[in-house]
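To start, the structure itself, in structure tokens.
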2 protein chains.
Amino acid sequence: MGTQERKLREREAREALFLDTAERMIAENGFMKLQMGPLAAACDYATGTLYQHFQSKEDLLLAMTSREFEVHLDFFRKVERWQGGTPRERMIAIAVAELEFARRHPQHMKLKHYVLTEAVWEQTSEARRTEALACSGPMSEIVNRIVRDAVEAGDLDTRGLSLTATSLGPWSLCEGMTALGQVQGLMEALQIADSERLLFRHLQTLLNGMGWQPLVELSDDGETAALVSRIRKEVFDISRP
Amino acid sequence: MGTQERKLREREAREALFLDTAERMIAENGFMKLQMGPLAAACDYATGTLYQHFQSKEDLLLAMTSREFEVHLDFFRKVERWQGGTPRERMIAIAVAELEFARRHPQHMKLKHYVLTEAVWEQTSEARRTEALACSGPMSEIVNRIVRDAVEAGDLDTRGLSLTATSLGPWSLCEGMTALGQVQGLMEALQIADSERLLFRHLQTLLNGMGWQPLVELSDDGETAALVSRIRKEVFDISRP
DNA sequence: CCGAAAAATGAATCAGGTTCAAAATTCGAC
DNA sequence: GTCGAATTTTGAACCTGATTCATTTTTCGG
């Protein structure tokens with residue numbers, strides 16, 4: 001019986017239509033302006049139909065972030081494909097990937113930040129939450145492989161920590177710095193001019209602290225800056241100042 | 001003319017009443033359940049009066065977080081008063097203060113997280129935003145003094161970074177880890193059992209990377225765990241496992 | 001082709017933040 | 001004391017926008 005399958009396919013296609021359209025509307029007006037009625041109308045469906053797919057508006061927003069994750073993951077995969085550096089350099093490249101993703105998809109960073117708020121999170125369906133959390137798996141696998149490569153190359157000793165626990169350090173640092181950077185006006189108030197450069201500096205510091213070889217001389221930001229710009233060019237095909 | 005002053009005083013008293021009451025209502029039902037009408041009613045004022053103080057609900061929420069900051073700051077001051085450790089240990093104590101604050105005021109951590117969302121932030125008044133950002137000043141001064149003490153004691157060389165830029169590393173790490181920890185289910189998904197212990201581990205790693213003396217042996221979490229529990233007892237008057 | 005079951009519809013409902021015209025109060029002047 | 005302009009308070013009405021659900025339409029096996 002192909003009927004069931006067809007229905008399922010149609011349902012998925014429609015869900016994709018909703019999400020594609022929402023994507024476009026968000027790109028135009030920001031996610032705060034997204035409205036359920038107009039979204040449904042823009043897809044030539046009734047509002048109620050939208051609610052056959054998404055338990056609530058928050059649920060839809062979470063679905064959006066889970067979906068964007070594929071794009072985000074691609075940034076990580078580019079790092080994985082890149083073989084032009086040491087494991088340590090590839091770890092730095094992961095951070096560059098984060099920044100690059102944030103630069104190219106600012107709306108999505110904001111949306112993600114918003115959705116991870118408990119207030120929003122708890123308005124979503126169990127199923128979507130599970131789906132969203134599952135995203136962390138492939139991401140951390142890529143990072144874990146980098147850590148493992150370093151260990152196998154003898155560059156790093158995790159000293160009892162699992163691969164994931166090890167990579168959670170750099171991840172948190174990156175996450176925290178970008179979160180603080182998102183707060184409008186905070187860096188200015190702290191008189192921090194270049195938070196991006198500072199992130200890499202602290203990242204290198206952390207990796208040094210782990211004893212991740214080859215150690216980097218911290219007094220000289222230039223070396224790291226050069227590395228970052230090399231990564232931008234070789235991995236993300238961009239030349240920026 | 002004392003009339004003006006009295007009015008001003010009464011106005012401030014009323015604002016405090018609103019915030020106190022909101023505080024209580026949030027403690028009871030969480031901030032998502034807070035409603036403007038019922039809040040005004042609970043204070044025996046009309047809804048409109050509430051709007052003489054707060055531009056919007058988001059503005060009120062931001063005011064709440066700015067206010068709680070005094071409590072938060074007190075946690076930092078306790079660390080400052082504590083003279084039972086090296087500068088490095090006091091830096092760790094700052095992280096303990098963060099965790100302790102989060103443990104005792106979970107609603108406020110969630111509220112803060114929510115308010116710092118761009119979507120919410122932009123609904124607030126310029127004045128409140130300025131006030132909120134001003135909070136970061138006294139906090140970072142306390143941390144800066146710890147860093148400076150370390151430098152003066154010859155324990156640390158910031159290698160060209162300002163005090164604030166230096167402390168932004170540990171701060172980001174702490175912020176990032178707690179932010180990730182807030183996401184329900186993420187740590188479970190990553191099979192991280194004890195994210196708190198991990199935070200301290202990475203923090204020590206970062207400080208080691210900075211060359212902050214005396215260096216700590218990372219293989220042995222026990223030493224750090226003992227320190228943390230000593231800080232909890234001496235600074236925050238708690239004994240926990 | 002029938003009728004039961006499933007799906008779609010969109011107007012009505014509901015929630016709750018915000019406004020604003022009317023009522024009440026304050027305050028200085030006489 | 002009291003008058004009236006200015007200020008403040010009031011709270012019902014308004015408005016936006018998410019969500020629901022009674023009704024209509026479509027689907028599909030027999």
Side-chain angles (χ1 to χ4, degrees), chain A residues 1-18 21-22 25-26 28-64 111 114-115 117 119-125 128, chain B residues 1-15 17-18 21-22 25-26 29-64 111 114-115 117 119-125 128:
Chain A
M1 172 66 64
T3 300
Q4 287 299 307
E5 290 164 30
R6 176 179 53 76
K7 278 199 177 182
L8 200 64
R9 236 179 309 122
E10 281 174 359
R11 194 187 152 79
E12 274 172 18
R14 193 170 60 181
E15 187 152 315
L17 170 65
F18 284 142
T21 307
M25 291 175 82
I26 284 177
E28 276 163 23
N29 305 312
F31 72 92
M32 284 310 288
K33 293 275 180 61
L34 186 70
Q35 286 168 235
M36 299 300 265
L39 170 58
C43 300
D44 291 317
Y45 280 102
T47 315
T49 309
L50 198 46
Y51 281 86
Q52 301 239 319
H53 291 263
F54 308 102
Q55 178 174 101
S56 65
K57 185 180 179 179
E58 286 75 18
D59 208 43
L60 166 69
L61 292 177
L62 180 57
M64 296 286 300
L111 177 55
Y114 180 70
V115 167
T117 279
V120 176
W121 188 254
E122 69 189 8
Q123 301 295 323
T124 60
S125 65
R128 301 260 176 212
Chain B
M1 174 67 64
T3 301
Q4 288 298 308
E5 290 166 30
R6 176 179 52 75
K7 280 199 175 179
L8 199 64
R9 234 180 309 122
E10 282 174 0
R11 193 188 151 78
E12 273 172 18
R14 193 170 63 182
E15 187 153 316
L17 171 64
F18 283 143
T21 308
M25 291 174 82
I26 284 176
N29 304 313
F31 72 91
M32 282 313 287
K33 292 275 180 64
L34 185 71
Q35 285 169 236
M36 298 302 263
L39 170 57
C43 299
D44 290 317
Y45 280 102
T47 316
T49 310
L50 199 45
Y51 280 85
Q52 302 242 317
H53 291 262
F54 309 102
Q55 179 172 101
S56 65
K57 185 180 180 181
E58 286 76 18
D59 207 41
L60 167 69
L61 292 178
L62 180 56
M64 297 285 301
L111 176 55
Y114 180 69
V115 166
T117 277
V120 175
W121 188 254
E122 69 188 9
Q123 300 295 322
T124 61
S125 65
R128 302 260 175 213

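To find a chain, count down the sequence lines: A is the first, B the second, and so on, and within it residues start at 1. Treat the numbers as computed from the prediction; the structure is a model and nothing was measured.
A:Arg14 comes within contact range of the sugar-phosphate backbone alone, with a heavy-atom separation under 4.0 Å but no base atom that close. Among the protein residues, B:Leu39 comes within range of no part of the nucleic acid, since none of its heavy atoms lies under 4.0 Å from any strand. Here A:Leu60 lies out of heavy-atom contact (under 4.0 Å) with every strand.
Between B:His53 and B:Arg11 the shortest side-chain heavy-atom distance falls below 4.5 Å.
Put simply, CG on B:Asp44 is 14 Å from P on D:dT9, counting in whole angstrom units. When the P atom of C:dG16 is taken as reference, atom CG of B:Leu50 falls 16 Å away, rounded to whole Å. Look at CE on A:Met36: it is 11 Å from C1' on D:dG17, rounded to the nearest Å. When the P atom of C:dA24 is taken as reference, atom OH of B:Tyr45 falls 18 Å away, rounded to whole Å. In this structure, CG of A:Leu34 is placed 12 Å from P of D:dT19, rounded to the nearest angstrom. Summarising the geometry, the separation between CE on B:Met25 and P on C:dG16 is reported as 12 Å, rounded to the nearest angstrom. For the pair A:Glu10 CD and C:dA7 C1', the computed distance is 12 Å after rounding to whole Å. Rounded to an integer number of Å, the gap from B:Gln35 CD to C:dG16 C1' is 6 Å.
Within the model, atoms CD1 of B:Ile26 and CG of B:Leu61 stand 6.0 Å from one another, a figure rounded to the nearest 0.5 Å. Atom CZ of B:Phe54 is separated from atom OG1 of B:Thr124 by 12.5 Å, given to the nearest 0.5 angstrom. With rounding to the nearest 0.5 Å, the separation of NZ in B:Lys33 from CE in B:Met25 is 11.5 Å.
OP1 or OP2 of D:dT9 has not a single side-chain nitrogen or oxygen of B:Thr49 nearer than 4.0 Å. Contact check, A:Gln52 against C:dA7: no side-chain N or O comes under 4.0 Å of OP1 or OP2.
Ring planes of A:Phe18 and A:Tyr45: perpendicular class, angle over 60° (limits at 30 and 60°).
Comparing D:dT19, C:dG17, D:dG17 by their nearest atom to the side chain of B:Tyr51 picks out C:dG17. Closest to the B:Thr47 side chain, of the nucleotides C:dT9, D:dG11, D:dT19, is D:dG11.
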